[in-house]
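For reference, the structure discussed in these notes is given below.
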Amino acid sequence: MLARIQTAVSLLYPARCLGCGALVESDFGLCGSCWRETSFVGGTVCESCGVALPGAHDGHRLECDDCMDHPHPWSHGRAALVYEGRARQMILALKHGDRPEIARPAGRWMAHAARAILRPGMIAVPVPLHWSRFVKRRYNQSALLAQSVARELEIDVVPDMLQRIKRTPMLEGKSPAQRFETLANAIRVHPNRAAQLPGRPVLLVDDVMTTGATLGACARVCMANGAEDVRVLTLARVAKDA
Ligand SMILES: [Zn+2]
Ligand SMILES: [Zn+2]
């Protein structure tokens with residue numbers, strides 16, 4: 001019965017490629033050529049930020065130079081895609097183009113990347129959006145991604161665990177110290193959700209990691225409110241040379 005309804009639905013709404021809009025056979029999300037133009041992170045990665053590293057994994061914790069020089073306030077991190085080409089287009093569409101349906105397959109890719117850092121009892125928590133941006137955009141793309149990932153991994157999700165209580169200007173072009181300053185006290189735990197945090201590992205979810213300043217601010221708030229561990233998961237990681 002369900003299969004028949006799904007067939008009927010897919011006849012009414014044939015699956016379209018998230019990259020180019022071409023009709024695709026499955027709901028896997030991408031046509032063949034967009035698939036080839038999308039860079040998935042694979043192989044050896046930095047344990048902290050998820051960026052791809054050259055060489056083979058030797059069983060020890062590997063970190064990129066940036067993460068060794070400036071340790072993040074979380075323990076592990078992964079990303080599904082490299083922020084370039086098709087991946088960048090899809091993320092911009094998810095963020096600004098009213099394409100919330102991208103979150104579903106994206107959540108599947110992210111869940112795959114997250115398996116290596118998953119812990120029992122983990123809760124997925126999205127990076128929050130200030131309410132004024134939420135009104136303009138109508139959805140928080142990070143919350144959609146967190147919900148999609150949580151569904152795939154069968155873990156709890158608390159979409160409003162964190163709140164952005166100050167509207168912060170764009171961080172682009174700011175130094176690390178300026179970013180830290182800008183974000184200080186901008187994020188807090190929702191008073192009605194705070195009881196769910198103590199003793200639990202958190203999977204912090206966002207769309208893109210650039211310097212990790214916003215994720216860092218969120219991780220600090222989670223740890224200060226009793227989270228047992230914070231690990232981060234993003235749809236895409238800006239490559240080091242970008
Ligand atoms: Zn395509
Ligand atoms: Zn790193």
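Whatever order the structure lists them in is the order used to number ligands and atoms, beginning at 1.
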Checklist entry - Do the side chain of N140 and the main chain of V127 share a donor and acceptor less than 3.5 angstrom apart? => result yes
Taking the Zn ion (ligand 2) as the apex, C64 SG and C46 SG span an angle, rounded to 10°, of 120°
Does any N or O in the side chain of Y139 come within less than 3.5 Å of the main-chain N or O of R99, such that one atom is a donor and the other an acceptor? yes
Would C49 count as a contact for the Zn ion (ligand 2), in the sense that one of its N, O or S atoms lies under 2.8 Å from it?
yes
One checks the Zn ion (ligand 1) and counts protein N, O or S atoms under 2.8 Å, reaching 4
Interatomic distance, SG@C49 vs CZ@R237, rounded to 0.5 Å, equals 4.0 Å
> Ion pair present between R200 and D229, side-chain N to carboxylate O less than 4.0 angstrom?
Replying inline: no
Task: Modelled atom types, side-chain donor and acceptor of T211 and R179, under 3.5 Å - done: yes
Taken to the nearest 0.5 Å, the spacing of L203 CG from I155 CD1 works out to 5.0 Å
Hits for ring pair (Phe, Tyr, Trp, His ring centres under 6.0 Å) against F40, two or more places apart or cross-chain, chain-then-number order -> W35, W109
